[in-house]
2 protein chains.
Amino acid sequence: MDNDGIILALGALAQTTRLDVFRLLVRHEPAGIAAGEIARQLEIPHNTLSAHLGILARSGLVQSQRKSRSIIYRANLEGFRAMMLFLVSDCCGGNPDQCATLINELISCCPAKPAVFQY
Amino acid sequence: MDNDGIILALGALAQTTRLDVFRLLVRHEPAGIAAGEIARQLEIPHNTLSAHLGILARSGLVQSQRKSRSIIYRANLEGFRAMMLFLVSDCCGGNPDQCATLINELISCCPAKPAVFQY
DNA sequence: TCCATATTTCATATATAGTGGAAATAACAG
DNA sequence: CTGTTATTTCCACTATATATGAAATATGGA
């Protein structure tokens with residue numbers, strides 16, 4: 001992910017409605033949800049939601065696919081991970097110790113164990 | 001970190017100048033840099049930078065302390081980690097496997113090893 | 001084809017963000 | 001107190017973001 005990409009991704013999530021939409025999409029992985037169903041659940045007008053979904057899609061954090069009359073939106077978790085990696089590498093670049101602290105905290109908070117625990 | 005906090009933090013970093021400032025501050029941990037020195041290095045007018053530093057400070061991602069005539073700015077890495085934890089917990093909430101994938105990628109990218117490797 | 005459903009695009013209004021000149025504030029030295 | 005340096009605040013301007021009614025587009029069924 002390049003510099004413009006990270007700005008787009010951060011900006012996409014830096015808005016309450018869009019952050020809510022993204023969280024909803026993450027919870028509905030991998031099935032996804034139709035745009036209209038998102039609008040219903042979050043009580044947002046269709047056209048307003050459409051604009052927000054466009055911003056999320058352009059940022060690479062969500063993907064869409066038409067299915068009959070509906071358009072199914074899904075979180076792009078690979079894009080999300082790319083954003084996180086970019087942010088952490090910024091942090092690590094100057095502060096390797098801080099990076100270790102962060103990863104330890106993430107391991108503590110995460111319900112699933114990373115591969116390193118499986119040895 | 002609450003919901004408003006994460007929006008503030010994401011919004012603070014979702015702007016090229018501020019992201020540059022934050023990266024510069026991370027690289028200068030733990031000494032910090034004076035506001036004027038940041039302006040000089042990034043070639044930003046003082047008043048413009050001041051506005052951006054205010055936004056970063058209000059978001060909790062940077063801290064400042066006056067030292068004689070200068071004001072020294074420092075990255076608040078604890079705030080940064082809080083933001084990252086919030087984002088990852090959103091991801092993990094719906095997808096424990098994705099969380100494990102992300103942490104493994106972070107471990108690979110990070111120059112320093114987390115505590116789990118020290119056993 | 002005609003209609004209903006699902007979503008987006010267009011047009012427009014309002015709000016918030018970004019920028020930088022000029023003035024104000026803070027610290028300190030003479 | 002005066003002058004110098006460092007930073008912020010004030011103000012005005014421009015640009016971008018957000019929101020939504022109305023119209024347009026796309027799909028599929030009768």
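FYI, side chains are in, hydrogens and waters are out, and symmetry mates aren't considered; it's all heavy atoms of this structure.
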Among the nucleotides C/dA27, C/dT19, D/dA19, whichever has the atom closest to the side chain of B/R66 is C/dA27
Where the side chain of B/N76 meets the backbone of B/G60, is there a donor-acceptor pair that is under 3.5 Å apart?
yes
Are the side chain of A/S89 and the backbone of A/F86 linked by a donor-acceptor contact shorter than 3.5 Å?
yes
Identify, between B/I55 and B/S68, the residue whose nearest nucleotide on DNA chain C lies closer to the 5' end.
B/I55
Grab the CD1-C1' distance between A/I72 and C/dA6 for me, whole Å please.
11 Å
Over how many whole Å does the gap from B/R40 atom CZ to D/dT5 atom C1' extend?
10 Å
Would you say the side chain of B/C99 lies within less than 4.5 Å of the side chain of B/I103, judging by non-hydrogen atoms?
yes
Looking only at atom types and distance, does a side-chain atom of A/S59 sit under 3.5 Å from a main-chain N or O of A/L56, one as donor and one as acceptor?
yes
Nearest of D/dT8, D/dT4, C/dT19 to any side-chain atom of B/R69?
D/dT4
Distance in angstrom units between B/I7 CD1 and D/dT18 P, rounded:
10 Å
For B/E78, does the CD atom sit with more than 12 other heavy atoms under 6.0 Å from it, leaving out its own atoms?
no
Minimum-distance nucleotide (side-chain atoms of A/A35 versus D/dT8, C/dT7, C/dT19):
C/dT7
Of the nucleotides D/dT8, D/dA19, D/dA6, which has the atom closest to the B/S70 side chain?
D/dA6
A/N47 or A/A14, whichever maps to the more 5' nucleotide of DNA chain D
A/A14
Describe the nucleic acid contact of B/A34 in one word from base, sugar-phosphate, nothing, applying a heavy-atom distance below 4.0 Å.
sugar-phosphate
Closer than 4.0 Å, any side-chain N/O of A/Q15 to the OP1 or OP2 of C/dA17?
no
Regarding A/S50, tell me which of base, sugar-phosphate or nothing describes its non-hydrogen contacts under 4.0 Å with the strands shown.
base
Assign each of A/T17 and B/E37 the nucleotide of DNA chain D bearing its closest heavy atom; nearer the 5' end lies the nucleotide of B/E37
Ignoring backbone atoms, test whether A/R18 places a side-chain nitrogen or oxygen under 4.0 Å from the OP1 or OP2 oxygen of D/dA17.
no
Counting any heavy atom closer than 4.0 Å, what does A/A39 reach on the DNA or RNA strands: base, sugar-phosphate only, or nothing?
nothing
Using the side-chain heavy atoms of A/H46, tell me which of these nucleotides is nearest: D/dA19, C/dT8, D/dT8.
C/dT8
Whole-Å distance, B/K67 NZ to D/dT7 P, equals 12 Å
Mind calculating the distance between CD (A/E43) and P (D/dT20) to the nearest angstrom?
13 Å
Any side-chain N or O of A/Y73 under 4.0 Å from OP1/OP2 of C/dT8?
yes
Output the rounded distance in Å from CG (A/L49) to P (C/dA6).
14 Å
Protein-nucleotide distance (A/L53, atom CG; D/dA19, atom P), rounded to Å:
13 Å
Here the distance between atom C1' of D/dA6 and atom CD1 of B/I44, to the nearest Å, is 16 Å
Would you find a donor on one side and an acceptor on the other, under 3.5 Å apart, between the side chain of B/R74 and the backbone of B/P30?
yes
